[in-house]
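Encoded as structure tokens, the structure appears first; notes follow it.
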Amino acid sequence: MINLKNAREIEGLALANEISANTLRIAKEMIRPGVTTEQLDEAMRKYIHSRGAKPDFLGYGGFPKTACISINEEVIHGIPGNRVIREGDIVSVDVGAEIGGWCGDNAYTFMIGEVDPVRKKLCEVTKECLFRGVAQARKGNRLGDIGYAVQSHAEANGFSVVRDYVGHGVGRDMHEDPEVPNFGIAGRGLRLIPGMVIAIEPMIVAGDYKVKVLDNGWTVVTADGSSAAHYEVTVAITEDEPRILSDWRPLL
Ligand code: MG
């Protein structure tokens, strides 16, 4: 069931997502070679609390940390710990804050220093995929228009789209209906109407799209060990232009 949001509810989601976007800014300010993923996570947790919010990933399905931090061949759901970030890594930080009962959700893949050309192109193309998808998030379009926009751009650049994980509705629950695939056929699927709020989150990989879950039960990695990038914003469908609630572009 899709929960449509009224104007007041969208303002609640906008606040949660503004805090979420600024949490990525906190990560950006300290991410560099030598920092551990645990240190990043701790700084983000403190920031979210300083805003009177709470981390919405913490405890979600038993997840033990504030953010998912996924490095190189890790696609999503990396668990912060003592791993040290190194020059040349690409580091996806996926984080959300909850306030007033509303959830935020967003992600950004940071390039650490000099990264190899494939990783650099992968990050740039994945970010482009995200905003091509966002541009389709408008009244009257269909979910397939978003998926097609993401997939066609990724594949035109020689990359693959992860199939096993998708975007989602966002509201009082971080994961609501509908599912928002990063692949699809233009003109097909659910029709978008004002009041829908969705997270669009392309997970694009340099090699084959198959993934597997590590023994920790969480971390999703590419099966072939190729690199992955992941960018995410939460978007409200309106009467006219898509409204990005967690727009981190001015902050990062
Ligand atoms: Mg998400």
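Source: prediction; values computed, not measured. The basis for the numbers below is simple: all heavy atoms, side chains too, and nothing from hydrogens, waters or symmetry mates. All ligand and atom numbering here is 1-based and tracks the order in the structure.
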- Message: So that I can check it, does any N, O or S atom in D94 come closer than 2.8 Å to the Mg ion (ligand 1)?
- Response: no

- Hey, what's the ring geometry for Y231 with W248, parallel, tilted or perpendicular (30° and 60° as the breaks)? tilted

- Could E42 and R45 be called an ion pair, given the rule that one side-chain N must be under 4.0 Å from one carboxylate O? yes

- Item | the Mg ion (ligand 1) reached by H175 (N, O or S, under 2.8 Å) | no

- D105 atom (N/O/S) at minimal separation from the Mg ion (ligand 1): OD2

- When L245 is tested against each of N17, L15, V170 for side-chain contact (heavy atoms from CB on, under 4.5 Å), which residue passes? N17

- Are E29 and R25 close enough for a salt bridge, meaning some N to O gap below 4.0 Å? yes

- Message: So that I can tick it off, tell me whether E11 and R243 are bridged by a salt bridge, with the cut-off set at under 4.0 angstrom between side-chain N and carboxylate O.
- Response: yes

- Closest E201 atom to the Mg ion (ligand 1) [N, O or S only]: OE2

- Query: Can you tell me the N, O or S atom of E232 that's nearest the Mg ion (ligand 1)?
  - Reply: OE2

